[in-house]
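Read through the structure below, which is laid out as structure tokens, and then see the notes.
Just so it is clear, the model here is predicted, and its values are computed rather than measured. Atom set for the values below is all heavy atoms of this structure, side chains included, hydrogens, waters and symmetry mates excluded. Below, chain A is the first sequence line, B the second, and so on; all start at residue 1.
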Amino acid sequence: MLRSARFLNGFLSGTVCSAVAFYFYNRADFKETSSDGQTKIQTKETYLSEVVTLDLETAKQLKGTDILKYGTPDRGSDARLYYNHVLCYDQAKKIPVWVAELITKSDLTGPANRQHSKFKMDPTLDEFFSSHNKDFLGSGWSRGHMAPAGNNKFSQQAMDETFYLTNIVPQDISNNAGFWNKLEIYVRDLTNRFSEVRVISGPLTLPTVKEGSKQFVNYEVIGNNSVTVPTHLFKVVTAENPQQPDSPIAVGAFIVPNQPIQGSAQLTQYQVKLEDLEKTAGVYFLPRLPPSKRVDLCSVDSCQLISQEALELYFIGRKLENAKTVERVDSVWKDLERRHLIPDDYLIDLYKKKRESLSTEP
DNA sequence: CGGCTTTACCGA
DNA sequence: TCGGTAAAGCCG
């Protein structure tokens, strides 16, 4: 449904007010299931009914003047829809607020190839508020996907859309290729044990500088468009098997510093309580999922990232597959030996076959 | 898988 | 000759 409904962008932005009321209503709804008292619920519902009826027309009549004569100040759509992701974009910071995906196993295989994709401005975003490729080039920061290209192997169009700069944040390149890459691989691997995996990813600018008891937010901006360099990145992961009735929803929240991270680091080091992330991000990430239905992801699954050695062996496998000369194959293999990596039988076989085909073919 | 840099090429 | 794009090559 969402995947072919890009035209709904305009529709959504036109109904933001009712969407807000809708979320309020649902939050009040499951407060009921928590330990909150009845009085508080009534108060919230009373407040809600006022919010719902106070539309712009009513407000205009009460006030007698048209405050918003020249339009409602526009900070952009709450949800921009693409073939395989949904995002909220921050027109001030020039990076997304959050990017949501649903990943199933079938998404992870197919003909799409990132070599055919290019980073470019989102054609559905006003260029006035967009980051540009020039802002990143030479800045020292890489262009990091929030919705990863690798989650869209099933469709070149879906993959191409993840290269829109609305989905990109300035990211430390070592973090991007290393720890963050491992996290993305782990999330993909969840589809082997859960039929539906949902991920919400995004940037944070957290207070880092302290003088005495005072806290300050301090972050770099790059390029002519002053694109925000986030201090941290977050992921909220939900994993479930909805075909099993009444099965719990596994939920994990993680905050990762936007800097190089040691190869031996564990994912659980960066796990946080979802509520803590929500408070600092200013976002309810799962407003329709009652806390009573949640279980800790890292309690029902391993949250074990692949090892640094396994990751580097994987890189070497990809390089061997892409090699176009015998010299390149030998160079890659020599690098493996120099780093004392232990190839498995598959990799050894790949090396032999690749070397043979390249030395006889041309 | 995640990226960047270099080279080749082309039209103004 | 410059600036932009595409393809190839490289690295973690």
Side-chain angles (χ1 to χ4, degrees), chain A residues 99 101 103 105 107-121 131-154 156 158-160 162-165 167-192 197 199 201 203 222-224 229 233 235 256 258-265 267 305-341 346-347 350 354 358 362:
Chain A
V99 183
E101 310 164 77
I103 313 170
K105 205 168 181 178
D107 295 340
L108 305 180
T109 55
N113 185 336
R114 57 181 292 135
Q115 304 303 332
H116 300 150
S117 303
K118 292 184 303 184
F119 291 104
K120 58 183 177 183
M121 280 187 285
S131 66
H132 291 58
N133 280 323
K134 276 185 177 176
D135 298 324
F136 292 84
L137 300 181
S139 72
W141 297 94
S142 72
R143 291 166 290 191
H145 286 72
M146 291 297 92
N151 293 354
N152 300 274
K153 294 285 290 180
F154 73 100
Q156 189 66 50
M159 182 177 286
D160 287 350
T162 68
F163 282 77
Y164 289 164
L165 294 178
N167 183 48
I168 301 298
V169 307
Q171 185 175 7
D172 175 82
I173 191 170
S174 169
N175 178 290
N176 197 355
F179 188 87
W180 193 254
N181 195 6
K182 291 181 191 174
L183 176 51
E184 290 175 340
I185 290 170
Y186 170 69
V187 170
R188 277 192 279 272
D189 188 56
L190 285 171
T191 61
N192 290 317
V197 176
V199 191
S201 310
I222 56 174
N224 290 336
V229 179
L233 304 174
K235 266 189 196 298
V256 180
N258 187 14
Q259 60 189 43
I261 288 175
Q262 203 168 6
S264 58
L267 179 56
L305 303 178
I306 68 169
S307 67
Q308 188 66 23
E309 290 72 22
L311 184 68
E312 291 181 18
L313 285 170
Y314 179 71
F315 294 158
I316 285 170
R318 306 302 297 191
K319 287 178 185 178
L320 288 177
E321 287 179 3
N322 294 330
K324 290 174 180 174
T325 64
V326 180
E327 290 74 19
R328 173 68 175 164
V329 170
D330 289 342
S331 170
V332 168
W333 200 253
K334 196 152 190 170
D335 190 51
L336 173 142
E337 292 173 336
R338 182 182 59 80
R339 287 191 274 173
H340 303 104
L341 295 169
Y346 170 79
L347 203 59
L350 177 63
K354 195 74 188 182
L358 283 173

Chain A vs DNA chain B, heavy-atom contacts under 4.0 Å, first-to-last nucleotide span, 5' to 3', is dC1(B) to dC4(B)
Only counting residues at least two apart or in another chain, list the ones meeting side chain to side chain donor-acceptor pair (under 3.5 Å) with [X].
X       : answer
R339(A) : E312(A), D335(A)
R188(A) : N151(A)
D330(A) : R355(A)

Residues forming a side-chain contact (heavy atoms from CB on, under 4.5 Å) with [X], sequence neighbours excluded:
X       : answer
D160(A) : S117(A), Q156(A)
K319(A) : R328(A), V332(A)
K120(A) : Y164(A)

Sugar-phosphate only, base, or nothing, as touched by [X] at under 4.0 Å among non-hydrogen atoms:
X       : result
Q171(A) : nothing
K153(A) : sugar-phosphate
I173(A) : sugar-phosphate

Those residues at least two apart in sequence (or on a different chain) that pass ring-ring contact (aromatic ring centres under 6.0 Å, His included) with F119(A) are H145(A), F163(A)
With sequence neighbours left out, the residues meeting ring-ring contact (aromatic ring centres under 6.0 Å, His included) with W141(A) are none
Salt bridge (charged side-chain N to carboxylate O under 4.0 Å, His left out) pairs touching residues 133-144 of chain A, sequence neighbours excluded, are none
Protein-proximity profile, nucleotides 5-12 of chain C, B/S/- by nucleotide at the 4.0 Å heavy-atom cutoff, equals -S--SSBB
* Are side-chain heavy atoms of L347(A) and L320(A) found at a separation under 4.5 Å? -> yes
Contact check, residues 136-145 of chain A vs DNA chain B, heavy-atom distance under 4.0 Å, returns S142(A), R143(A), G144(A), H145(A)
